[in-house]
Amino acid sequence: MATLDALRAREAGDETKAGALLAESRELQRQARAVRVSPPRNRWGSAQPQVGDGVLDVFPADAEARLQG
């Protein structure tokens with residue numbers, strides 16, 4: 001995961017690499033949010049798939065906050 005690699009780069013003192021990996025992570029998150037599914041039995045239309053809801057969606061935001069601060 002680019003976000004985790006960005007944290008490692010920051011910890012190692014490589015701010016340039018951390019910044020590049022953070023930008024990559026943001027782009028990957030943008031692409032993931034764009035994915036929609038339309039299960040045949042739902043009545044509410046297309047929706048964003050949930051994977052690790054409350055965990056995998058929270059980690060990138062928390063890590064980005066650590067990288068910003």
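Scope of the values below: all heavy atoms of this structure, side chains included, with no hydrogens, waters or symmetry mates.
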side-chain contact (heavy atoms from CB on, under 4.5 Å) partners for [X], two or more places apart:
X     : result
Ser38 : Ser46
Gln29 : Thr3, Ser25, Arg33, Pro60
Val37 : Pro39, Pro49
Gln31 : Glu27, Leu28

> Who are the side-chain hydrogen bond (donor to acceptor under 3.5 Å, both in side chains) partners of Arg66, not counting sequence neighbours?
Replying inline: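 With neighbours one apart ignored, the set is empty.
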>> Run the side-chain hydrogen bond (donor to acceptor under 3.5 Å, both in side chains) test against Gln48 and tell me which residues pass, sequence neighbours left out.
In response: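 By the side-chain hydrogen bond (donor to acceptor under 3.5 Å, both in side chains) rule, Gln48 matches no residue at all.
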> If you take all heavy atoms of Ala9 and Ala18, which pair is closest and at what distance?
Replying inline: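 Looking at all heavy atoms of both residues, the shortest contact is CB-N, 3.7 Å.
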> When clusters are formed from ILVMFWY side-chain contacts under 4.5 Å, directly or step by step, what else is grouped with Leu7?
Replying inline: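 Once heavy-atom contacts under 4.5 Å are chained together, Leu7 belongs with Met1, Leu4, Leu22, Phe59, Leu67.
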> How far does CD of Gln68 sit from CD of Glu64, to the nearest 0.5 angstrom?
Replying inline: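 These two atoms lie 5.0 Å from each other.
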>> Just to verify, what does Asp14 make a salt bridge (Lys or Arg N to Asp or Glu O under 4.0 Å) with, not counting sequence neighbours?
In response: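 By the salt bridge (Lys or Arg N to Asp or Glu O under 4.0 Å) rule, Asp14 matches no residue at all.
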>> Going by the rule salt bridge (Lys or Arg N to Asp or Glu O under 4.0 Å), which residues pair with Glu15 if we only count those two or more places apart in sequence or in a different chain?
In response: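 Partners of Glu15 under the salt bridge (Lys or Arg N to Asp or Glu O under 4.0 Å) test: Arg10.
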